[in-house]
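Below is one structure, written out as structure tokens; comments come after it.
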There are 2 protein chains.
Amino acid sequence: MKPTVHDIARSAGVSLATVDRVLNARPGVREGTRVRVEEAIAALGYVRDVAAANLAKSRVYPFVFILPVNENPFMLGLRREVEAAIGRSSTERTRIEVIDVPALESTALVAALDKVAGGDAAGVAFVAVDAPDVRDAAARVAAAGIPMVTLVSDLGQSLRDHYAGIDNIAAGRTAATLMGRFLGQRQGRIVPLAGSLMVRDHRERLDGFSEVMAQNFSHLTLLPAVEGRDDPALVERLIGETLRQHPDICGIYSLGAGNRGLLPVLEQRPLSPAPVVILHELTEASSAALVNGTIDAVLNQDAGHEVRSAIRVLKAKADGLPVIAAQERIRIDIFLKDNLP
Amino acid sequence: MKPTVHDIARSAGVSLATVDRVLNARPGVREGTRVRVEEAIAALGYVRDVAAANLAKSRVYPFVFILPVNENPFMLGLRREVEAAIGRSSTERTRIEVIDVPALESTALVAALDKVAGGDAAGVAFVAVDAPDVRDAAARVAAAGIPMVTLVSDLGQSLRDHYAGIDNIAAGRTAATLMGRFLGQRQGRIVPLAGSLMVRDHRERLDGFSEVMAQNFSHLTLLPAVEGRDDPALVERLIGETLRQHPDICGIYSLGAGNRGLLPVLEQRPLSPAPVVILHELTEASSAALVNGTIDAVLNQDAGHEVRSAIRVLKAKADGLPVIAAQERIRIDIFLKDNLP
DNA sequence: AAAAATCTGATTTACGTACCTCAGCTTTTT
DNA sequence: AAAAAGCTGAGGTACGTAAATCAGATTTTT
């Protein structure tokens with residue numbers, strides 16, 4: 001039978017009230033008594049019944065999600081998943097507030113973080129912009145004792161409690177290996193298509209990609225990254241130009257959210273021989289392109305997993321509980337036309 | 001504010017006891033009253049607070065896991081994950097009993113299922129052997145109203161409530177596409193290495209693999225599967241023979257648990273040119289082989305996810321609650337040397 | 001040594017649900 | 001019309017924890 005507070009009280013020879021004071025770090029317990037109670041807790045292997053405690057406290061976890069306003073499919077999907085989590089609020093005892101901030105911009109994000117730091121949130125999740133002022137704001141949130149996880153894009157270590165996103169360097173390396181292996185003996189140029197290299201996740205993907213390309217596939221030439229700002233029209237123009245300029249392009253790695261600009265170009269003016277194309281983010285469009293052979297592989301991160309993981313981790317941190325690390329690792333999903341969900 | 005039983009009682013103009021009778025399908029409520037209460041429940045959007053209910057019931061979920069006795073790394077890992085779940089029993093309100101049965105054999109499994117059908121378990125998870133007598137036993141478990149999920153290897157649809165495992169046909173197809181793409185222009189023979197084609201998951205992987213090979217890579221010749229019974233010594237002998245017999249082997253797909261026999265052969269007598277090797281199951285050995293280049297890709301299913309998912313689903317079924325389908329989909333993990341965990 | 005401050009114990013209520021008993025009512029059966 | 005059966009309400013206790021109040025004990029300060 002699981003020990004309860006009553007067992008501890010009996011075992012330590014104190015009253016329930018004293019056990020409660022020790023457990024919840026309330027004042028009014030002499031040092032010696034506190035030690036006795038703590039020993040009893042350790043000896044009996046007591047663990048608080050979180051469900052009962054939450055019931056007694058009528059606890060809800062007030063969480064804040066700070067999301068960039070961004071109409072690309074991935075961010076829209078992320079937002080949808082946060083909304084789905086809001087829909088589960090009553091059963092999960094959460095109250096989730098969403099703060100919208102302009103994308104790729106730090107001042108609004110800093111303001112939002114400072115609002116959180118001054119508020120009563122039990123935790124905050126945000127898509128980080130990796131800038132010094134954001135790091136400072138994060139430090140203030142941490143100083144306020146509010147658990148904090150970064151979502152999708154990370155912030156230089158140690159400030160946040162957890163990162164709910166993929167390892168983007170590994171993703172870039174994986175894309176490079178797939179690209180190189182799929183190309184086999186073929187020679188030519190590879191063009192990476194990014195949104196903006198100011199964003200940490202894009203930069204890391206490109207770094208990983210470039211590194212493996214240089215190291216293992218030096219017969220292929222890596223062009224400088226095309227920065228399409230995730231803007232379909234701009235991407236379409238830039239990629240069109242690049243393809244005209246370099247007729248020997250044999251590989252395209254779209255590491256951002258520029259697929260809506262890229263896919264039409266590939267479908268309307270197919271190159272021959274077809275280049276190997278590897279994309280990030282599984283959407284209806286990229287899924288269809290996989291099936292019809294326009295593209296060769298899609299790397300993906302599951303926004304639903306990220307949101308659910310962020311909430312689980314925030315809850316655990318708020319309660320001072322450990323997390324199952326393996327469960328919270330966000331994996332890089334690799335999709336070929338054969339293993340689409 | 002979330003509505004409670006008190007709100008329903010007030011709204012329906014009945015007492016708490018009657019609400020309780022309706023909610024828990026206890027007798028003693030007139031049809032008309034029952035309808036009134038149900039309407040109030042629907043109108044207020046009441047959902048039972050599972051945590052409070054479990055507290056009141058002092059509920060524990062008695063689950064049974066039926067696991068094959070099998071010393072291969074994947075099954076050992078699966079067992080470890082079940083034990084980890086047992087370690088979390090007190091916080092998760094579960095009581096997990098493990099029943100060991102001989103691998104690949106149905107009579108003991110049938111006996112175990114019948115024991116479950118006659119017992120008081122709130123759910124059962126088992127690694128299915130796809131045989132008629134197992135299906136019959138599963139039907140008896142279902143008839144006893146006990147939620148049931150298959151783990152790792154499935155049983156012909158409709159009998160179980162859920163399957164916590166990967167789509168093995170898709171896994172085979174994925175392996176084939178990777179193999180074909182990695183080989184590029186190379187010609188030669190491909191040898192599949194299975195444990196036993198009597199097991200549904202192995203059979204399905206081979207089916208998916210063969211199909212894509214025939215369809216998209218007809219310049220490659222697929223040899224009949226070597227059945228190594230997941231026995232290292234046997235695998236080593238059979239694979240050695242096959243490689244000697246066919247010097248033009250350019251691809252190996254190990255779809256079972258025969259890696260402990262296969263890897264030593266590849267490492268001690270490297271072929272030249274090196275064949276493309278794709279394995280199932282990420283272990284220390286396969287991970288090391290990926291890093292040193294002996295093999296090219298590993299397909300994996302995460303045993304921890306499968307066990308946790310099985311428990312979540314069993315709990316939900318026991319409580320008559322919906323599951324988040326996307327959360328419970330077990331994904332095929334593809335590992336290259338670049339995205340190892 | 002008295003007063004004040006601090007510590008501790010006992011007890012109670014609450015959270016939302018389950019489940020039990022008992023009394024009183026209504027309907028059905030004889 | 002009386003007896004039996006079925007339905008409903010009222011009220012209680014319980015689950016494990018939180019949190020509050022109050023009284024009594026101990027220590028510290030004056």
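Treat the numbers as computed from the prediction; the structure is a model and nothing was measured. Proteins get letters first, then strands, A, B, ... in listed order; numbering begins at 1 in each.
Heavy atoms of other residues, nucleotides or ligands lying less than 6.0 angstrom from NZ of A:Lys2 number more than 12.
In this entry the distance linking CD1 of A:Ile8 with C1' of C:dG9 reads 17 Å, nearest Å. Distance CZ (B:Arg10) to P (D:dG9): 15 Å, rounded to an integer number of Å.
Using a 4.0 Å cut-off, some side-chain N or O of B:Thr18 falls inside it from OP1 or OP2 of D:dG9. The side chain of B:Arg30 contributes no N or O atom lying less than 4.0 Å from OP1 or OP2 of D:dG6.
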### Task
Quick one: do A:Asp114 and A:Arg140 satisfy side chain to side chain contact (heavy atoms under 4.5 Å, CB included)? Show the steps, please.
CA-CA 7 Å; A:Asp114 278 329; A:Arg140 291 191 287 277; 2.7 Å; yes
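Partner of A:Asp319 under the salt bridge (charged side-chain N to carboxylate O under 4.0 Å, His left out) criterion, chosen from A:Arg93, A:Lys57, A:Arg59: A:Arg59.
Using a 4.0 Å heavy-atom distance criterion, A:Gly13 is classed as a sugar-phosphate-only contact.
In this structure, the side chain to side chain contact (heavy atoms under 4.5 Å, CB included) partners of A:Asn300, at least two apart in sequence or on a different chain, are A:Glu281, A:Leu282, A:Asp333, A:Phe335. Every residue two or more places apart in sequence or in another chain that forms a salt bridge (Lys or Arg N to Asp or Glu O under 4.0 Å) with A:Arg312 is listed here: A:Glu328.
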### Query
What does nucleotides 16-21 of chain D look like as a protein-contact string, B for base, S for sugar-phosphate only, - for none, at under 4.0 angstrom between heavy atoms?
BBSB-B
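For the residue pair A:Thr150 / A:Asp154, a side-chain donor-acceptor distance below 3.5 Å is found, with atom types taken as modelled.
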